[in-house]
Amino acid sequence: LDIPPGIEATTDIARAAQGELIFLNVPAQYLRGVCRQIRPHWRNDLPGVICTKGIETNSSALSCEVAAEELPGVPLAILGGPTFAAEVAKGMPTAVTVACADTLLGRRIVETVGSSTFRPYASDDVVGVALGGAVKNVLAIACGVVEGRALGDNARAALITRGLAELTRLVVARGGRAETCAGLSGLGDLVLTASSLQSRNYSLGFAIGQGRKLAEIMGQRRSVAEGVPTAAAVLGLAARLKVELPICSAVAGLLHRSVDLQETIRALLARPFKDELIPAANAASGSRR
């Protein structure tokens, strides 16, 4: 796509820090470094919007936490939701969530970036939006594996549903709200990313499902599949919170522990039968089910 008139591309980070609103749209594993580089040039009254969808591997810190640590005093929000960048750039209808602890700032950002085709919804659940954007990438890899392995649409639908349950458990245990997971930054982003080969994570999982090795796939790509590093990071977070994430754990095994694909599928299908509904008291406390 051509760069529209009025938009300036620059590699000068001081220049990039000028303006009325900054969007931090870098891979999760580089977010801390970019924040450190731009901090000397960033005014404390200049708000920032985090667009990163991932978890830092060495700390299991959420993108909102990384930015807050490296940009102390800066007013921050986070953007999440089902957004293929090419469609947004073409002006195709898109809806997102903008989460900010400062609700007035959140609404200002909504009014600033919203248009007839780009529809932001305000929230104050920063943790829920951050985790939704990160975990859906891991689940999208799992759904890609299902498609690449030709396990059927029933299996993919079940995986999306049970994956959403994993995300919800993790969000609640981390202090976010379950209802956020049913919104654009949770279910919405998951459905998009876990059902289209436009998704880098889904297409990577698809290739794995067809029997290709991760190193081979990554060696042929120039883009980042956030779900690869996030799969390991999310398990570290889940372990600290004592939350069970069988699908995310299976994906991490495939990517980082060279677990056999057929054995992974067999183990998931052999899990004990359980009730689907989680009692409200257990969900509120983040108890495992």
Side-chain angles (χ1 to χ4, degrees), residues 21-29 31 47-56 61-68 75-89 92-103 105-115 117-141 143 160 163-164 166-172 174-196 198-202 224-227 229-230 233-234 237 248:
L21 186 63
I22 296 180
F23 288 83
L24 290 165
N25 192 10
V26 297
Q29 310 314 316
L31 179 61
V49 180
I50 305 157
C51 301
T52 299
K53 295 181 177 181
I55 299 175
E56 191 174 55
L62 308 185
S63 58
C64 54
E65 296 170 328
V66 171
L76 295 170
I78 186 167
L79 186 148
T83 49
F84 284 148
E87 294 186 9
V88 176
M92 300 174 75
T94 301
V96 299
T97 300
V98 174
C100 185
D102 181 341
T103 55
L105 174 60
R107 292 193 182 100
R108 276 176 47 209
I109 293 170
V110 165
E111 293 296 327
T112 300
V113 303
S115 70
T117 57
F118 191 76
R119 310 292 301 173
Y121 289 76
S123 169
D124 62 355
D125 187 5
V126 175
V127 167
V129 172
L131 275 173
V135 176
K136 61 91 182 181
N137 286 325
V138 182
L139 299 173
I141 292 174
C143 287
I160 289 174
L164 182 63
E166 289 191 16
L167 169 61
T168 303
R169 287 198 297 270
L170 187 62
V171 166
V172 171
R174 187 59 183 74
R177 295 196 299 270
E179 56 266 31
T180 301
C181 301
L184 290 163
S185 61
L187 178 61
D189 206 358
L190 175 58
V191 168
L192 180 74
T193 312
S195 59
S196 172
Q198 287 190 67
S199 161
R200 294 185 292 268
N201 295 282
Y202 182 82
V224 175
E226 290 276 23
T230 295
V234 75
L237 179 62
C248 291

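All values below were derived from every heavy atom in this structure, side-chain atoms included, with hydrogens, water molecules and symmetry-related copies excluded. Source: prediction; values computed, not measured.
Under a 3.5 Å cut-off, the side chain of T52 and the backbone N or O of A28 do not form any donor-acceptor pair. R200 contributes a side-chain N or O that, together with a main-chain N or O of V224, makes up a donor-acceptor pair within less than 3.5 Å. Remark: the backbone N or O of T180 is not paired with any side-chain donor or acceptor of D125 at under 3.5 angstrom. Distance alone, capped at 3.5 Å, places no donor-acceptor pair between the Q29 side chain and the T230 backbone.
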- [ ] Take C143 and I160 through the side-chain contact (heavy atoms from CB on, under 4.5 Å) test and state the conclusion after the steps.
- [x] CA-CA 7 Å; C143 287; I160 289 174; 3.6 Å; yes
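Between the CZ atom of F84 and the OG atom of S196 there is a distance of 4.0 Å, given to the nearest 0.5 Å. Of the inter-residue distances, the one linking C248 atom SG with L167 atom CG reads 8.0 Å to the nearest 0.5 angstrom. Here SG of C64 is found 10.0 Å from CG of L31. Values are rounded to the nearest 0.5 Å. Separating the OG1 atom in T83 from the CZ atom in F118 is a distance of 7.0 Å, to the nearest 0.5 Å. Taken from CG in L62 to CG in L237, the straight-line distance is 6.5 Å, to the nearest 0.5 Å. Note that the CD1 atom of I55 and the CG atom of L131 stand 5.5 Å from one another [nearest 0.5 Å].
Heavy-atom minimum distance, P229 versus A225: CD-O, 3.5 Å. Here the closest heavy-atom approach between residue I109 and residue A77 is recorded as CD1-CB, 3.7 Å. Across all their heavy atoms, I141 and G227 have their closest contact at CD1-C, 3.7 Å.
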For a quick test of your reading: what N or O donor-acceptor pairs under 3.5 Å do the side chains of residues 93-103 make, sequence neighbours left out?
unit_1, atom_1, unit_2, atom_2, d
T94, OG1, M92, O, 3.1
D102, OD1, L104, N, 3.1
D102, OD1, L105, N, 3.2

Side-chain donor/acceptor pairs under 3.5 Å, residues 183-191, sequence neighbours excluded:
unit_1, atom_1, unit_2, atom_2, d
D189, OD1, T193, OG1, 3.3
D189, OD2, K53, NZ, 2.8

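Between P47 and I22 the shortest side-chain heavy-atom distance does not fall below 4.5 Å. Residues V49 and I78 fail the side-chain proximity criterion, which asks for heavy atoms closer than 4.5 Å. The closest side-chain heavy-atom distance from I50 to F23 is not below 4.5 Å. The side-chain heavy atoms of V234 and L170, taken from C-beta on, include a pair separated by under 4.5 Å.
Annotation: salt bridge (charged side-chain N to carboxylate O under 4.0 Å, His left out) contacts of E179 (sequence neighbours excluded): R177.
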